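What follows is one structure encoded as structure tokens, with my remarks underneath.
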Amino acid sequence: MADKIRVLLTEEEVNAKISEIADQISRDYEGRHVHLICILKGGVFFTCELAKRLTVPVSLDFMSVSSYGSGTQSSGVVKIIKDLDEPLEGKEVVIVEDIIDSGRTLAYLVEILKQRNPKSIELCTLLDKPERRVKKQVKVKYSCFTIPDEFVVGYGLDYDQKYRNLPYIGVIE
């Protein structure tokens, strides 16, 4: 690895918080079925770990939405790269994202998915950067960690497609 990476959140801290959030979601959806929408590619690590810990019935679908190019700043242009395979009508949806910062991507996505008539839509993220929020209407119900405005990698988050496989959250220095 050419880049120096400082550990921001250890693997143990991440795993403990995912278990805590899974418990909260399981309580909130007790007796119901939850439909997780994993936002690819970064959300896959978090979604899998979250789904394993849920005690309610779960179904999964995947969507790829991007507002980043190969750099470290959001381009502000949102595009759907891969759409859902299943309809959402009547489903209790939890959108699972690796990180929410400006909120542009999620604001756009929530509006599109609401048109598909789910019973409910909530947001769940591993990392939240509320100080960077441009779209204030984006409300995150389930958030593992609030982090400072640093570019992070690991646990699904990448820098130019590198470092997704790190088992912790790190900052490129």
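Keep in mind the model is a prediction, meaning the values are calculated, not measured.
- Separation of atoms OH (Tyr108) and CD1 (Ile80) is listed at 4.5 Å; rounding is to 0.5 Å.
- Leu50 is listed as a side-chain neighbour of Ile21, based on a closest heavy-atom distance under 4.5 Å.
- Among residues two or more places apart in sequence or in another chain, the side-chain hydrogen bond (donor to acceptor under 3.5 Å, both in side chains) test is passed with Arg164 by Asp158, Gln161.
- Closest approach of Ser143 to Val140, counting heavy atoms only: CB-CG1, 3.9 Å.
- Rounding to the nearest 0.5 Å gives a distance of 4.5 Å between CG of Leu109 and CD1 of Ile95.
- Side-chain atoms of Leu8 and Phe145, non-hydrogen and from C-beta on, never get closer than 4.5 Å to each other.
- Contact annotation: the side chain of Thr125 never approaches that of Leu106 to less than 4.5 Å [non-hydrogen atoms, C-beta and beyond].
- Here the closest heavy-atom approach between residue Tyr159 and residue Ile172 is recorded as CB-CD1, 3.6 Å.
- Residues Val138 and Val134 do not share a hydrophobic cluster, defined by chaining ILVMFWY side chains whose heavy atoms lie under 4.5 Å apart.
- If you take CG on Asp23 and OG1 on Thr55, they are separated by 7.5 Å, rounding to the nearest 0.5 Å.
- Annotation: side chain of Ile37 is in contact with side chain of Leu88 (closest heavy-atom distance under 4.5 Å).
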Could you walk me through whether Tyr168 and Ile5 pass side chain to side chain contact (heavy atoms under 4.5 Å, CB included), step by step? CA-CA 11 Å; Tyr168 58 87; Ile5 299 173; 4.1 Å; yes
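- Here the CG atom belonging to Leu36 is positioned 7.0 Å from the CD1 atom belonging to Ile25, to the nearest 0.5 angstrom.
- Closest non-hydrogen pair, Glu97 versus Phe46, comes out as O-CD2, 3.5 Å.
- Residues Val153 and Asp3 have side chains not in contact (no heavy-atom distance under 4.5 Å, counting atoms from C-beta outward).
- Distance check: Glu173 CD to Lys4 NZ gives 5.5 Å after rounding to the nearest 0.5 Å.
- The shortest heavy-atom contact between Lys141 and Gln24 is O-NE2, 4.4 Å.
- Of the charged side-chain nitrogens involved, at least one lies within less than 4.0 Å of a carboxylate oxygen, so that Arg133 and Asp128 count as a salt-bridged pair.
- Using a 4.5 Å cut-off on side-chain heavy atoms (C-beta onward), Ile147 and Ile99 make contact.
- Between Asn15 and Tyr155, some side-chain heavy-atom pair lies under the 4.5 Å cut-off.
- Although no hydrogens or angles enter the test, the distance criterion places no donor-acceptor pair under 3.5 Å between the side chain of Lys17 and the main chain of Leu126.
- Put simply, the side chain of Leu127 reaches to within 4.5 Å of the side chain of Leu157, judged on heavy atoms.
- A side chain to side chain contact (heavy atoms under 4.5 Å, CB included) with His35 is found for one member of Asp61, Leu60, Val58 and no other, namely Asp61.
- Within 6.0 Å of atom CD in Glu30, 12 or fewer heavy atoms from other residues, nucleotides or ligands are found, so the atom counts as exposed in its surroundings.
- Distance check: Cys144 SG to Glu49 CD gives 11.0 Å after rounding to the nearest 0.5 Å.
- For Lys82, the side-chain hydrogen bond (donor to acceptor under 3.5 Å, both in side chains) partners at least two apart in sequence or on another chain are Asp85.
- Listed by chain and residue number, nothing satisfies the side-chain hydrogen bond (donor to acceptor under 3.5 Å, both in side chains) test with Glu89 (two or more places apart in sequence, or in another chain).
- Nearest approach of Pro148 to Lys129, heavy atoms of both residues: O-CE, 3.8 Å.
- Between Arg116 and Asp83 there is a salt bridge, since at least one side-chain N of the basic residue sits less than 4.0 Å from a carboxylate O of the acidic one.
- When all heavy atoms are compared, the tightest approach of Tyr142 to Glu122 is CE1-CB, 4.2 Å.
- Salt-bridge formation is detected for the pair Lys114/Glu111: a Lys NZ or Arg NE/NH1/NH2 atom is positioned less than 4.0 Å from an Asp or Glu carboxylate oxygen.
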